[in-house]
Amino acid sequence: MQDKYQPAAVETAAQQHWDDTQAFRAVEDTKRPKYYCLSMFPYPSGKLHMGHVRNYTIGDVLSRYHRLRGYNVMQPMGWDAFGMPAENAAIQNNVPPAQWTYANIDYMKGQLKRLGFAIDWSREVATCTPEYYRWEQWLFTRLYAKGLIYKKLGTVNWDPVDETVLANEQVIDGRGWRSGALVEKREIPMYYMKITAYADELLEALDGLPGWPEQVKLMQKNWIGRSQGVEVHFPYDLSTVGKSGVLKVFTTRADTLLGATYVAVAAEHPLAAQAAAGHPELAAFIEECRHGGVAEADLATMEKKGMPTGLRVVHPLTGEYLQVWVANYVLMGYGEGAVMAVPAHDERDFAFATKYSLPIKMVVRSTHDAYETVVAPWIDAYAEHGKLVNSGKYDGLRFDAAVDAISADLAAKGLGAKRTQYRLRDWGISRQRYWGCPIPMIHCADCGDVPVPDAQLPVVLPENVEITGRGSPLAKMPEFYECACPQCGKPARRETDTMDTFVESSWYFLRYACADNATAMVDERVNYWAPADQYVGGIEHAILHLLYSRFFTRAMRDEGLVNISEPFTNLLTQGMVVAETYYREQAGGKKQWINPADVQVERDDKGRITAARLAADGQPVVIGGTEKMSKSKNNGVDPQALVDQYGADTARLFIIFAAPPDQQLEWSDSGVEGASRFLRRVWNYGHAFVQEVRPALPAARKLGTGELPGALADVRREIHTHLKQANHDFGKHQFNTVVSAAMKILNALEKAPREPAGAHAEIAEEGFGILLRLLSPITPHISHALWQDCGFGADILAASWPEPQAAALKQDELELMVQVNGKLRGSIKVPASAGKSDIEAAALASEAAQRFMEGQAPKKVVVVPGRLVNIVV
RNA sequence: GCCGGGAUGGCGGAAUCGGUAGACGCAGCGGAUUCAAAAUCCGCCGCCGCAAGGUGUGUGGGUUCGAGUCCCACUCCCGGCACCA
């Protein structure tokens with residue numbers, strides 16, 4: 001054993017041992033409970049960032065903890081390898097996406113191994129390999145045959161200069177990020193997955209997920225957005241529209257129908273197009289609505305604009321004529337592309353009506369008498385439910401009765417009915433990009449859209465391709481798209497769109513169970529491992545990825561591929577890693593971001609930061625606040641440098657100790673120093689244990705059989721108290737306080753009296769054995785080495801998890817706090833067996849109580865067992 | 001804009017069921033060791049106050065013997081918003 005802690009040597013040896021013994025190879029075993037520990041697989045962007053290290057450290061802690069608890073643990077890893085960054089890198093550096101991706105995977109895999117994660121690498125998958133995506137294509141054809149995938153028009157961001165479709169993040173202030181051109185909305189045919197067919201099940205099954213954070217379930221519930229409402233039909237006014245028909249709208253506020261004063265349609269709505277013919281101003285407005293992106297956040301925050309069409313529809317109950325407006329906030333892809341407007345009781349309609357001087361008709365009076373009439377400015381009470389007024393025969397009805405009566409009358413006229421609506425929309429999966437899974441369809445002039453037959457799968461993505469950032473690369477490759485129709489054999493055109501990368505990540509966790517199967521998507525092993533007992537990943541995936549995965553698992557269940565519905569039994573959403581930012585203002589007002597590693601911080605005598613300077617030139621820099629680690633803010637800390645300098649255990653320890661897993665983690669170089677210092681102390685204690693303590697151990701252990709001297713009994717109780725706390729915190733996934741408990745145990749061991757030597761050695765042996773096992777999930781390398789060197793056993797992986805002993809926790813005397821009128825005034829010591837009246841008497845007699853009661857008689861005495869006594873005077 | 005979350009010393013955080021606010025660590029200060037430094041060890045450390053004591057968990061109210069924790073209203077920060085992953 002080395003005198004000094006040398007992390008590199010310790011970690012290399014431990015990792016070699018795990019490799020040699022194939023320690024983390026997971027094999028199906030029905031005799032032990034299984035524990036499938038899943039972490040969100042990374043996009044191979046180049047090198048690991050701190051968010052990855054945090055994610056996988058949390059997963060590894062859970063995996064190793066459960067292993068020592070006796071579970072058959074499987075912890076796999078793979079690569080979410082398709083996506084836009086590979087194409088961007090190709091444009092920038094002229095490297096083919098495949099080559100770039102595989103090189104990144106190679107490098108990042110080495111980094112993961114260096115961090116000592118207990119991963120079963122035999123199950124590795126990379127989604128960009130035909131071995132993986134062929135099954136995605138295969139499933140696509142099954143779901144297509146079933147009608148669960150269909151084609152319709154969808155709206156995308158179109159860059160007219162680069163002639164390409166842009167992702168929302170590539171649209172900045174309404175312009176293409178590369179070309180700077182004004183982005184337009186464009187409708188193109190796309191394939192959709194019918195996730196809405198599962199909307200009710202996805203919603204209702206949330207109640208059966210006790211292992212998921214409430215906030216995530218709530219977000220998913222709101223995202224699905226099931227609402228009960230009424231579909232209302234407004235018949236066209238023949239004299240203005242020129243044809244018969246109805247305008248359909250959906251409303252959750254049918255009680256306010258009599259307050260509808262106009263209707264609004266989307267710019268793409270057929271009525272808008274009709275009105276625009278021969279109405280140049282309106283046509284110009286509709287053209288203006290086409291500019292800008294499709295992101296909901298932009299649409300919701302932009303200025304609400306509209307224009308009348310001159311067309312009218314008929315109110316279904318009153319027969320009045322209502323104006324049809326075109327409004328930029330009404331979306332064609334949502335519902336029927338039309339809304340009824342009730343300005344008196346809807347804030348957005350109110351703002352619009354006020355702006356364009358449209359009539360406002362109050363039809364609900366708030367039950368709280370919050371208002372007499374609806375006048376500006378808007379107050380929230382206008383939108384509350386209440387009794388109907390100005391609504392003829394419906395006057396006096398409250399919400400439920402009003403909706404019932406109005407929907408019944410609409411139904412009688414054939415102009416509407418109650419309906420359930422969802423906010424959730426079907427999932428558009430077509431992408432006009434190269435680096436993705438090809439959609440296995442062939443378009444034939446005679447036969448229409450024909451799925452690629454099983455025998456021709458996979459449709460392999462060509463890897464030698466030129467990426468320019470203009471247009472879709474596959475659509476420029478005849479060798480890819482020219483093919484024969486599988487049905488009639490005539491020349492046909494292969495689909496050149498690829499799939500959304502969320503499709504790959506919707507089923508990778510099932511493929512891990514049987515990644516080596518070349519003849520089926522999944523096999524019976526999936527029913528041993530799935531569902532994942534624990535899923536660990538970023539909160540930013542709370543809705544899309546997790547909802548798609550829940551949907552996919554059900555779709556695969558209904559194909560008979562798996563026998564589960566929910567893919568993830570427990571979910572842990574980890575917080576972000578943030579760090580301080582520093583910058584200098586440059587001439588044009590542009591900020592030059594400076595990496596924290598290059599900055600020196602000055603503090604006052606209380607440790608408060610007063611200034612920061614660039615180390616290179618000694619000149620001040622501006623402190624910009626803490627932000628998520630990112631390239632753009634140049635505040636990232638390179639995990640590789642950290643591991644090179646301090647070792648993997650220090651990196652892991654700091655990350656676990658600095659914050660609870662679900663909260664944001666603030667980077668701190670001195671915190672890393674502290675973690676490293678603690679591990680050195682652990683090592684030094686282990687060294688002293690071997691040298692001095694071990695030789696003093698009695699041949700026959702007496703611990704727990706006889707009386708310990710009081711001071712050593714206190715040390716032992718303290719250790720077991722901390723262990724109890726640590727076990728409780730492990731259960732809560734609050735690993736930062738597990739580290740605290742480990743630190744407290746080491747503090748107690750170091751301060752323990754050395755006499756009598758035999759008794760001390762026994763306490764030390766028990767306590768240090770507890771400490772090493774507590775730390776082993778977090779800092780596995782040093783724990784492995786010390787476990788062996790200190791003679792606890794050959795391999796800590798074979799050890800069992802420590803449990804606190806009741807006898808060690810026993811206490812004879814308790815200290816209780818004494819309060820007078822709720823303020824802490826002192827404390828008393830009582831025997832653990834003392835009854836309530838004894839405690840009361842002792843508290844009243846105490847010096848502190850006497851002093852602050854000032855001779856007054858107690859009105860009431862509250863005794864909280866084991867905690868405190870509160871005397872009220 | 002809509003949905004979800006967060007706020008506790010100089011800093012990260014702890015406080016299990018409404019019961020000692022600030023555990024553990026970092027930074028800082030004082031001391032020991034050292035030729036000196038690093039490392040290590042010991043002590044102090046919310047704020048005001050010489051002390052007694054007062055005060056304190058984003059802000060303002062409320063419930064309670066007792067509130068960081070429960071209730072109401074607000075402020076600021078963060079995540080998501082369907083083509084970043």
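Bear in mind that the values here come from a model prediction, so they are computed numbers and not experimental data. Letters A, B, ... mirror the listed sequences (proteins, then strands); counts begin at 1.
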**Prompt:** Do the charged groups of A/D500 and A/R431 touch, with an N to O distance under 4.0 Å?
**Reply:**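 The answer is yes: the pair qualifies as a salt bridge.
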**Message:** Taking syn as a glycosidic torsion within 90° of 0 and anything else as anti, which one is B/rG9?
**Reply:**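 Syn conformation here, the glycosidic angle of B/rG9 being no more than 90° from 0.
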**Item:** Torsion-based syn/anti label for B/rC41, 90° from 0 as limit
**Value:**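 Anti, angle beyond 90° from zero.
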State, yes or no, whether a side-chain contact exists between [X] and [Y] at a heavy-atom distance under 4.5 Å.
X	Y	value
A/N157	A/K185	no
A/L665	A/W667	yes
A/L746	A/R681	yes

Can you check the distance between [N] and [M], where both ends of the measurement are the [atom1] atom (answer in whole Å)?
N	M	atom1	value
B/rG80	B/rG18	C1'	34 Å
B/rU59	B/rU69	P	11 Å
B/rG12	B/rG49	P	25 Å
B/rU20	B/rC11	P	24 Å
B/rC48	B/rC42	C1'	29 Å
B/rA27	B/rC50	C1'	28 Å
B/rG9	B/rA73	C1'	28 Å
B/rC24	B/rG30	P	23 Å

Enumerate donor-acceptor pairs with a distance under 3.5 Å from any side-chain N or O in residues 44-52 of chain A to protein atoms, sequence neighbours excluded.
from	atom 1	to	atom 2	distance (Å)
A/H49	ND1	A/G51	N	3.1
A/H49	ND1	A/H52	N	3.4
A/H49	NE2	A/H52	NE2	3.4
A/H52	ND1	A/H49	N	3.1

**Asked** Which is true for A/V165 with a 4.0 Å heavy-atom rule: it touches a base, it touches only sugar-phosphate, or it touches nothing?
**Response**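 Here A/V165 touches the bases of the nucleic acid.
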**Request:** Give A/S45 one of three labels, base, sugar-phosphate or nothing, depending on what nucleic acid heavy atoms sit under 4.0 Å from its own.
**Result:**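 Here A/S45 touches no strand at all.
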Using whole Å, report how far [atom1] of [X] lies from [atom2] of [N].
X	N	atom1	atom2	result
A/Q220	B/rC3	CD	P	17 Å
A/N168	B/rA85	CG	C1'	14 Å
A/L206	B/rG4	CG	C1'	14 Å
A/F502	B/rA82	CZ	C1'	9 Å

**Request:** Would you verify whether the NZ or CZ of A/R226 falls within 45 degrees of the ring axis of A/Y422 while also being under 6.0 Å from that six-membered ring's centre?
**Result:**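 No; the conditions do not both hold, so A/R226 does not lie above the ring face of A/Y422.
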**Prompt:** Mapping A/K628 and A/A167 to their closest nucleotides on RNA chain B, which lands nearer the 5' end?
**Reply:**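 Nearer the 5' end of the strand: A/K628.
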**Request:** Report the residue (A/D500 or A/V864) whose heavy-atom-nearest nucleotide on RNA chain B is the more 5′ of the two.
**Result:**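 The 5'-side residue here is A/V864.
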**Complete:** A correct 5'-to-3' footprint of nucleotides 63-71 of chain B, with B, S and - meaning base, sugar-phosphate only and no protein heavy atom under 4.0 Å, is --B------
**Request:** Do nucleotides 11-17 of chain B as a string where each nucleotide becomes B, S or -: B if the base has a protein heavy atom under 4.0 Å, S if just the sugar-phosphate does, - if no protein is that close.
**Result:** -BSSSB-
Any side-chain N or O of [X] below 4.0 angstrom from OP1/OP2 of [N]?
X	N	value
A/R681	B/rA39	no
A/R677	B/rA27	yes
A/R680	B/rU40	yes
A/R825	B/rG54	yes
A/K304	B/rG1	no

**Asked** Side chain of A/N328, backbone of A/K304: donor and acceptor closer than 3.5 Å?
**Response**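 Flag not set: sc A/N328 to bb A/K304 has no pair under 3.5 Å.
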**Request:** Check whether any side-chain N or O of A/D497 sits under 3.5 Å from a backbone N or O of A/S430 as a donor-acceptor pair, and report yes or no.
**Result:**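 Pair absent, no side-chain N/O of A/D497 close to backbone of A/S430.
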Taking the side chain of [X] as heavy atoms from C-beta outward, which of [options] is closest to it?
X	options	result
A/Q215	B/rG5, B/rC24, B/rU55	B/rG5
A/M219	B/rG79, B/rA85, B/rG25	B/rG79
A/A295	B/rG4, B/rA82, B/rA85	B/rA82
A/M743	B/rA85, B/rC26, B/rG25	B/rG25
A/M576	B/rG4, B/rA85, B/rC78	B/rC78

**Prompt:** Is the distance between the ring centroids of A/F352 and A/Y329 less than 6.0 Å?
**Reply:**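 When the ring centroids of A/F352 and A/Y329 are compared, they turn out to be within the sub-6.0 Å range.
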Mind checking whether [X] and [Y] have parallel, tilted or perpendicular rings, split at 30° and 60°?
X	Y	answer
A/W100	A/Y43	tilted
A/W427	A/Y548	parallel
A/W378	A/F350	tilted

